[in-house]
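This report concerns only the one structure given below.
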Amino acid sequence: MAYTIVGKSVPRVDAVAKVTGKAKYTDDFFERDMLVGKVLRSPYAHALVKHIDTTKAKELPGVKAVLTYHDVPQIRFATAGHPFNLDPSHQDKADRLILTDKARFVGDAVAAVVAMDELIAEEALRLIEVEYEELEALLTPEAAMKEGAPLIHEDCPHNILSDRGFWMGNLEEAFLAADTMVEGEYETSMVQHCHLENHISYAYVDAHDRIVIVTSTQIPHIVRRIVGQALGIPWGRVRVIKPYVGGGFGAKQDACLEPLTAAMTLAVGGQPVKLNYSREECMIDTRRRHDFKFKMKSALTKDGKILGMHIQAISNTGAYASHGHSIAGAGGSKFRYLYAIPAIKYEPKTVYTNLPVAGAMRGYGSPQMVYALECHIEDIAKKLNLDPIEIRQKNLIEIGHVDPLSQNKIMSSGIRECIDKGKALIRWEAKKEGYRQQMGDKRRGLGMAAFSYASGTHPVGLEIAGARIVLNQDGSVQLQIGATEIGQGSDTVFAQMVAEVLGLPMDRVHVVSEQDTDLTPFDTGAYASRQTYISGMAVKKAAEEIKAKILDFTWGMTDIPAHALDLKGQNVVYKHSGEVVIPLEDVALSTYYDTVFAQPITSDVSNNARVNAVPYGVTFAEVEVDLKTGKIEILEIYNVHDSGTIVNPLMAEGQVHGGVSMGIGYALSEQLLFDPKTGKPLNNNLLDYKLPTIMDTPEIGVAFVETHEPTGSFGVKSLGEPPALSPAPAIRNAVLDATGVAFNQLPMNPQRVFEKLKQAGLI
Amino acid sequence: MRKKIAMTVNGKVESFEVDVRDSLLEVLRNTLGYTGVKKGCGVGECGACSVLIDGVPIDSCIYLAVWADGKTILTIEGVAQDGELSPVQQAFVDKGAVQCGFCTPGLVLTTTALAESGQEYTKDELKRELSGHFCRCTGYQNIFKAAEKAIETCRHDGSCGNHHPADHHHDQEKQEGSE
Ligand code: FES
Ligand code: FES
């Protein structure tokens, strides 16, 4: 379908604000007499707080309040950024207090100080005397699950937070019918989001006794609810404001700071308090990605048809539940749209350990699962001596497939075209031929990996979104959405949708970027790659309502029936010919000032989406492995995506670049490290944690296969998280191709690669 | 201890008292209100806080305010002239180099210094020049393209605003500042 603005690479609506330094982030707002909050963190991974003496800290001049476990509501609450569930059995695990009396990881918050400035606050932290009783630190899921291990949370036997999996089809029959069985074990690492703006929020009590929290969050409306719950106050007493956000990637899909910030302002009579985590704090006491261990066992026919798959997974969720219980579940569901596997048994265990809390991070369980699955498929191909691409093609799901568990139906799929395009871009056949006989210290290889994902969380989560549009006197509009811009470009995409429906140029659509729970329509926020697809439905609905109202009003002005009219180029026009009837501006002005018929036009809609669209894609990678150093260089890498209609190609490419770069970090360098005895973090800073720099990032090729998704407005599907899913296994498979050595553990950093190549006798 | 200092920030002469322990970052943001200067780490790892000091990109978080006494500072707020985006800013907009925008001010400033130097850079040299900046959103692709285009434009038109005709040792100093 041909659109005017949807599908065009218009500049971001916030680009100028961001290149001129005018875009305001949480730290850029100042309140008079703003105080500073700081957190006292446990030096032990697992310890009871026997006694805290805050006397000296309180006496320090400039200290306004010192809080401990005794000073916060004794209400356990959940932090995960999910929509509330009316069914108590589906609510998130409430396992936290704002400040704890039992430290569960090195860095757990046991006390907090509010002071006049940072130096005083830090000094005060040193004056707090804490007596701990150390407990055995459980630093691996295996240690946590062993018989007799102490319980990290009293109500969770064996420290298992959740073990809900699924089965579909008859796995035993599949195993009996198999010509061959292939098994494999795969392990991913702990990584951190490293959004450039650390977690930060500030709070105060306003003149109406309401708690106002300005915060760097992906989920303002959810934060309001969680703060209400954590403090045991009516949710409406909390007002959450989200300015520009400097990246989140899931770490801000969680109420990490806000309950404490609110408690701090309440402790000082409502005076403004800012809580601004340092990079070091942010890397251990916000969220990180779950590290998984997988065991896969597959039943196959000799020509490579997958009959059944048994997947066991252990997910390390760290000290508190956060999203842990649902991440293993999500990882186990979104891959099911890729291959038609008649029988699957999925047995995940999500385990508490005394390590920092794992939560949502771009892909939400899928980067782990896609890594294991796509390594496994490659291993199967190798074992059966089949072409790795052919074996994938042979098992792909077709349009019309209905997942037996979610009931989601595949309505569009470009996965076959994605594979073909990727293969052509990297010149697969020709290069394969060239790399047949390699000698020497540098070996080259090719690999690929595919994925399926989802657009939003239906049917697991509620998918509600809201949008409001106001027609101004001059014929321009304001768009307000509850969906949050965190860098991914949603504001621009929504503006394009509105401009498209209303026949306006982009500069006539003013997006209110800030979310304020008092003012913005309800939407659960930025996660699950949901906004373009889910919130886009609400935006289109709101725009269509405005359009209908404008045409109706014009009917009253001109006697031309609304059904004969359309909007184009800032005019009301005849639908059949495009002939101008009246400038939109004249209509708009009348809606405000006509002495008889004036009625300013607005729309305010909500949309509860009960559908889910499946995006697809592939990574193709070519690597060179230096056998002498263990260094892997990516020579070429391409991501090809089917995300339905691409609303803004330039921004979509940028999204893919960022995701692939995150995937490359996951594959080759990134890993949070902890002392294996004490659980102390070893590299929670940007120097020792190996985040890719521009020097480490190869040129990233991007291509799209545009399908039209019938359930998406303008045919869209999700794109936010998918680019990060398949690079790591594609790179691993390329390394396998180059060296014949299967690396089943992330990251493939030079040391690990070198050691394993040595073991394998290549050096 | 407090000390009175003076500096030119974005063309305006400022003189005020600072705590000798204050970083330039803190003074620019909190005393002068230039909140376009971003803090991503506070210890010289990320480049978000870069400003130009006498034309040279420096991590302002690890540069004491008192060291800036008598110097000329350019922050992101001073790059656009009379409401017109500079060629560097325009290139960042056009090439899609901006996502969350938190790394953007620092990168625009470093690129401005490169563009104003009038030098030519190979791809590898340019990458090295920009490598003191982390960006988690963009995979650096479009930032790189924007920088290439901006430098090219400025070489052609010789018109990068010339905020600071001072000599450019950014190469060396930037690396000291950020690594
Ligand atoms: S804030 Fe990161 S280098 Fe200055
Ligand atoms: S645009 Fe977000 S860190 Fe660079």
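Proteins get letters first, then strands, A, B, ... in listed order; numbering begins at 1 in each.
- Checked by atom type and distance alone, the side chain of Asn198(A) never pairs as donor or acceptor with a backbone atom of Cys41(B) at under 3.5 Å.
- Gly21(A) and Ile76(B) make their closest contact through CA-CG2, 3.6 Å (heavy atoms, listed as atom of the first residue, atom of the second, distance).
- Nearest heavy-atom pair, Arg136(B) versus Phe249(A), reported as atom, atom and distance to 0.1 Å: CG-CE1, 3.4 Å.
- With a 4.5 Å cut-off on non-hydrogen atoms, Val660(A) does not touch chain B at all.
- Pairs passing the ring pair (Phe, Tyr, Trp, His ring centres under 6.0 Å) check and including a residue from residues 92-115 of chain B, sequence neighbours excluded, read Tyr25(A)-Phe102(B).
- At a heavy-atom separation below 4.5 angstrom, chain B is approached by Met662(A), Glu670(A) within residues 662-670 of chain A.
- Between chain A and the residues Gly36(B), Ala48(B), Gly40(B), the largest count of heavy-atom pairs under 4.5 Å involves Gly40(B).
- Once rounded to the nearest 0.5 Å, the distance linking CG of Asn685(A) with SG of Cys46(B) reads 11.5 Å.
- Between Leu119(A) atom CG and Asp19(B) atom CG the span is 7.5 Å, to the nearest 0.5 Å.
- Contacts of residues 690-697 of chain A with chain B at a heavy-atom distance below 4.5 Å involve Leu691(A), Pro692(A), Thr693(A), Ile694(A), Met695(A), Thr697(A), listed in sequence order.
- Taking a 6.0 Å sphere around CD of Glu84(B), one finds it holds 12 or fewer heavy atoms contributed by other residues, nucleotides or ligands.
- Interface summary for chain B: among Ser9(A), Ala23(A), Pro11(A), Cys194(A), the most heavy-atom pairs under 4.5 angstrom belong to Cys194(A).
- For the atom pair CG (Leu196(A)) and NZ (Lys39(B)), the distance works out to 13.0 Å, reported to the nearest 0.5 Å.
- In this structure, CZ in Arg29(B) is found 5.5 Å from CZ in Phe30(A), a value given to the nearest 0.5 Å.
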Verdict with reasoning, Leu85(B) to Thr20(A), per side-chain contact (heavy atoms from CB on, under 4.5 Å): CA-CA 8 Å; Leu85(B) 296 187; Thr20(A) 52; 3.6 Å; yes
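- Glu699(A) CD: 12 or fewer foreign heavy atoms inside a 6.0 Å radius.
- Arg279(A) places no side-chain N or O within donor-acceptor distance of the main-chain N or O of Gly42(B), the cut-off being under 3.5 Å.
- A distance-only check finds a donor-acceptor pair linking the side chain of Gln141(B) to the backbone of Ile700(A) [under 3.5 Å].
- Of all heavy-atom pairs between Glu280(A) and Val43(B), the closest is OE2-CG2, 4.2 Å.
- The residue among Gly659(A), Gly246(A), Ser278(A) with the most heavy atom pairs within less than 4.5 Å of chain B is Gly246(A).
- Counting heavy atoms of neighbouring residues, nucleotides and ligands inside a 6.0 Å radius, atom CE of Met34(A) exceeds 12 of them.
- Among all heavy-atom pairs drawn from His657(A) and Thr138(B), the shortest one is CB-O, 3.1 Å.
- Taking non-hydrogen atoms and a 4.5 Å limit, the residue list of residues 93-101 of chain B in contact with chain A, ordered by number, reads Val93(B), Asp94(B), Lys95(B), Gly96(B), Val98(B), Gln99(B), Cys100(B), Gly101(B).
- Salt-bridge annotation for Asp27(A) and Lys38(B): absent, with no side-chain N of the basic residue lying under 4.0 Å from a carboxylate O of the acidic one.
- Chosen from Cys282(A), Gly658(A), Gly489(A), Ser661(A), the residue pairing most often with chain B at heavy-atom distances under 4.5 Å is Gly658(A).
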